[in-house]
Number of protein chains: 2
Amino acid sequence: MTDPASPAASDTDDLTDRLRKAGFRITRPRQIILSIIASQAGHPDARDIFQEAVKQDARISLATVYRTMKLLEDEGVIQRHAFEGGPARFEAAEGDHHDHLIDIETGAVVEFTSERIEALQEEIADRLGYEIVHHRLELYGRRKNT
Amino acid sequence: MTDPASPAASDTDDLTDRLRKAGFRITRPRQIILSIIASQAGHPDARDIFQEAVKQDARISLATVYRTMKLLEDEGVIQRHAFEGGPARFEAAEGDHHDHLIDIETGAVVEFTSERIEALQEEIADRLGYEIVHHRLELYGRRKNT
DNA sequence: ATGATATTGAGAACTGTTTGCAATAAGGTC
DNA sequence: GACCTTATTGCAAACAGTTCTCAATATCAT
Ligand SMILES: [Mn+2]
Ligand SMILES: [Mn+2]
Ligand SMILES: [Zn+2]
Ligand SMILES: [Zn+2]
């Protein structure tokens, strides 16, 4: 038992194992960042994660957050989004694929899925002679005055 | 007759009228940039436009290109795209709405439309209680080996 | 415990874009 | 056309987000 106060212990352990097996060293910054993305909901940006991390270890640097996000993205642990305007935002890549609707007034991010849209995308790419590697569907809107 | 060598004269004239009526001064940089976006096909970035512009007037600055693109975007003359990674890219906003497929190997941009996808987007936003202001659908893929 | 080296923190560098400011020029008025 | 007001420009500095350089440090296999 290393840290009785750490949250989301099992998720984090899964991820550390995954990284260890991939030949990466399990450093303190990486453990902290992993625990943050495992527990944290939403779509935090690098600065959000950095600020959380600093609470647990004041000497962590923003550069390390960026480096770790890159690593985790390459490992398929997280996904990176580039919503309009702002900095890149991240989320754990556990669940199924989904797309996003962004409230242009509040910045809130709503997730949704549509098998039909996904299928249509494939169909279109296919017709154009392409194979989709990844895609990006973002709806920007405002809440209806019901 | 002001400049017998200028290309895409009528399109450009339409646009200058539009700007003039909106109360903007028709400056040399603006005329040049307008003629470039009116003639140029594709999805050039600010640097592309700048390089073209410099050929016609060596003293034009990149800052003015950015300022003009902002103005033209606000006026609805052009559309701005933020494809993955690179700088913002622009295109004349004459035609109908369309979305993009980007060849991740060559960077080529293929345009497509899908009324069905557009309709589904509306449906989804509606169901979530939102009204779509704009959206972004980008497919990133590679050419099929057929 | 030791050693090889992957990783870190700090800050410089970088890319794309915006901004402050003095100089310039567009276009309305005479 | 000359004159005036002020929008627009060029330049450079500032900015935001991200990546990189490099010496110091920490991980982990032995
Ligand atoms: Mn999400
Ligand atoms: Mn297009
Ligand atoms: Zn999708
Ligand atoms: Zn569309």
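Here is how names work: the chains are called A, B, and so on, in the same order as the sequence lines, proteins then strands, and each is numbered from 1. Source: prediction; values computed, not measured.
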Spacing between [X] atom [atom1] and [N] atom [atom2], to the nearest angstrom:
| X | N | atom1 | atom2 | value |
| --- | --- | --- | --- | --- |
| Asp48(B) | dG16(C) | CG | P | 11 Å |
| Leu19(B) | dA26(C) | CG | C1' | 14 Å |
| Lys21(B) | dG28(C) | NZ | P | 13 Å |
| Asp57(B) | dT8(D) | CG | P | 17 Å |
| Leu62(A) | dA16(D) | CG | P | 13 Å |
| Ile60(A) | dA10(C) | CD1 | P | 11 Å |
| Phe83(A) | dG17(D) | CZ | C1' | 17 Å |
| Asp74(A) | dT7(C) | CG | P | 12 Å |

Salt bridge check: are Arg142(B) and Glu131(A) linked by an N-O gap of less than 4.0 Å? no
Would you find a donor on one side and an acceptor on the other, under 3.5 Å apart, between the side chain of Arg89(B) and the backbone of His43(B)? yes
I'd like to know if the side chain of Arg136(A) and the backbone of Ala82(A) have a donor-acceptor N/O pair within less than 3.5 Å. yes
Spell out yes or no: do the side chain of Arg30(A) and the base of dT7(C) have one donor N/O and one acceptor N/O closer than 3.5 Å? no
Donor-acceptor pair under 3.5 Å, Arg67(B) side chain vs dG10(D) base: yes
[X], nearest nucleotide to its side chain (from [options]):
| X | options | result |
| --- | --- | --- |
| Arg59(A) | dG17(D), dT19(C), dA26(D) | dA26(D) |
| Pro87(B) | dT8(D), dG16(C), dG10(D) | dG16(C) |
| Thr64(B) | dT9(D), dA12(D), dT7(C) | dT9(D) |
| Ser61(B) | dC28(D), dT18(D), dC11(D) | dC11(D) |
| Ala63(A) | dT8(D), dC20(D), dG16(C) | dC20(D) |

Considering heavy-atom distances to DNA chain D, does Ala46(A) or Thr27(B) have its closest nucleotide positioned more toward the 5' end? Thr27(B)
Applying a 4.0 Å non-hydrogen cut-off, can you work out what Arg25(A) is touching in the nucleic acid: base, sugar-phosphate, or nothing? base
Does dT18(D) have its OP1 or OP2 closer than 4.0 Å to a side-chain nitrogen or oxygen of Tyr66(A)? yes
Within-4.5 Å side-chain heavy-atom neighbours: Glu118(A) and His135(A): yes
Would Phe90(B) and His81(B) count as a ring pair (Phe, Tyr, Trp, His ring centres under 6.0 Å) here? Give the steps. CA-CA 6 Å; Phe90(B) 308 90; His81(B) 301 293; 8.7 Å; no
